[in-house]
Amino acid sequence: MSEFDVLIIGGGPAGLTAGIYAGRAKLKVGMIERLMPGGQVAGTEFIENYPGFADGIAGPDLMMAMESQARKFGLEIMSGTIEDVDLNAGPKRIVVSGKTVTAKTVIISTGTDPKLMNVPGEKEFKGRGVSYCATCDGPFFKDKDVVVIGGGSSGVQESLYLTRFVRHIHLIEFMDHLNAERILQERARNHPKFTFYLNHQVLSINGEQKVASVTAKNRATGDSIEIPADGVFIWVGMQPNTDFLKGQVELNQWGFVTAGEDCKTSVPGVFAVGDVREKEIRQITTAVADGTVAAENALKIIESQES
Amino acid sequence: MGNTLELNENNFSQEVLESNVPVLVDFWATWCGPCRMVGPVVEEIAVQYSGKAKVGKVNTEDNANLAGEYGVISIPTLIIFKNGKPVDQIIGAVPKEAIAKKLDAVLS
């Protein structure tokens, strides 16, 4: 296989935008994706804050449009699992599902996955009541009571979506206040289907064949309560998909790739874009900005090598 | 989608439970983003295992009884059936290799 100018790892909004810019600059650009392009956005029901869509747009629709736009400019998408990487070699080498791919520059856009809580019952009941995707599994809990863990923007937004189906939502938050955007907090507080358990720590998810209840401890009083529920939806944060990069590029203490606004990592010719990069604001808009910056900086490297 | 069987409450027994080869069944729904991501992967599996195993899809929206019968309350769920019984399952969208590994174990 001939060498890529730019190889993008991960097909969310950041990676696809890098593909659009690099492809349009007539570079030979490839993408490795573990499933299909789309990233987290493809699992989001509806996007209200992406500019240009006054009435909002469905997450999967937005991502399919980005993918076809990138393909139009020549992006070659390969699906597969990364088995080995050597980003410090020249050219950079990546082994994907048994095949070795080489590239002059690499853009890391592997995003994040939901963080596990690591409480008893979480792994055991995954798919048996424990869920990380409201749009996928919400309809299976029609007229049932569910527990939502996490009072950040994701937890509250997804809970509001769940109100269409479920009978009641018991929202547990570890801190003594919700961290969600104010507009979301207001919607939830004014909704009759919510009960809030602030300053509570989840101890266990209980049941026989499937979820039956959640046990949580009031951090102020030390009292434990058991909340009966058929489903548990967990949004306690995200973890970066960077295990394959250990020893290759500099990661911060939480595993995010260390890189500034120029998206340059500790390794020349390797860029990090989107949610996987160490940054404060993780939005689709900031992801597509990163993709643009990295593609332009990759182009500079390739032009300087050619001249 | 040419390579997978469209399964429903009418043909499930005949196509899955009475099949003489293992059957991979993808429980999905139109509203589910990860299902749309794993769908093409399941299509590729169908081509790759053609003749050795069958691959079918159950739309849980139209076939709530089938989802209920096999305890599916999270999608995508992939269940492998052999000799009329579910023998293994995968919950959530996973890469092709992970599905192939489970199918190979059932086929060997």
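By convention in this document, chain letters (A, B, ...) are assigned in the order of the sequence lines, proteins followed by strands, and residues within each chain are numbered from 1. Just the heavy atoms: all of them, side chains too, but no hydrogens, waters or symmetry mates, feed the values below.
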K.L.:
Would you call A:F141 and A:L162 a side-chain contact if the rule is heavy atoms closer than 4.5 Å?
P.N.:
no
K.L.:
Can you tell me which of B:P40, B:G68, B:P76 forms the most heavy-atom pairs within a distance under 4.5 Å of chain A?
P.N.:
B:P40
K.L.:
With disulfide (SG to SG under 2.5 Å) as the rule and sequence neighbours excluded, what pairs involving residues 33-108 of chain B come up?
P.N.:
B:C32-B:C35
K.L.:
Suppose we count any N or O donor within 3.5 Å of an acceptor, strictly below that value; which pairs fall between chain A and chain B?
P.N.:
{"residue": "A:T81", "atom": "OG1", "partner": "B:E97", "partner atom": "OE1", "Å": "3.0"}
{"residue": "A:S97", "atom": "OG", "partner": "B:E97", "partner atom": "OE2", "Å": "2.3"}
{"residue": "A:R128", "atom": "NH1", "partner": "B:G71", "partner atom": "O", "Å": "2.9"}
{"residue": "A:T135", "atom": "O", "partner": "B:W31", "partner atom": "NE1", "Å": "3.1"}
{"residue": "A:C136", "atom": "O", "partner": "B:W31", "partner atom": "NE1", "Å": "2.9"}
{"residue": "A:D137", "atom": "OD1", "partner": "B:I75", "partner atom": "N", "Å": "2.8"}
{"residue": "A:D137", "atom": "OD2", "partner": "B:S74", "partner atom": "OG", "Å": "2.8"}

K.L.:
Hey, is CZ on A:R93 packed in by over 12 heavy atoms from elsewhere, all under 6.0 Å?
P.N.:
no
K.L.:
Measuring from atom CD of A:Q69 to atom CD1 of A:I20, what distance do you get when rounded to the nearest 0.5 angstrom?
P.N.:
3.5 Å
K.L.:
Taking side-chain contact (heavy atoms from CB on, under 4.5 Å) as the definition, give me every residue that meets it alongside A:V236, ordered by chain and number, with sequence neighbours left out.
P.N.:
A:K115, A:M117, A:I149, A:I234
K.L.:
With A:V146, which of A:I169, A:V211, A:V232 fulfils side-chain contact (heavy atoms from CB on, under 4.5 Å)?
P.N.:
A:I169
K.L.:
Could you measure the distance from the CD1 atom of A:I284 to the OH atom of A:Y50? Nearest 0.5 Å is fine.
P.N.:
7.5 Å
K.L.:
In terms of heavy-atom pairs under 4.5 Å, which option from A:P37, A:A42, A:P139, A:G129 contacts chain B the most?
P.N.:
A:P139
K.L.:
Could I get the full list of side-chain contact (heavy atoms from CB on, under 4.5 Å) partners for B:V94, not counting sequence neighbours?
P.N.:
B:I90, B:A98, B:I99
K.L.:
Name the region of B:A29, side chain, backbone, both or neither, that has any atom closer than 4.5 Å to a heavy atom of chain A.
P.N.:
neither
K.L.:
I'd like to know which of A:C133, A:C136, A:G138 tops the heavy-atom pair count under 4.5 Å against chain B.
P.N.:
A:C136
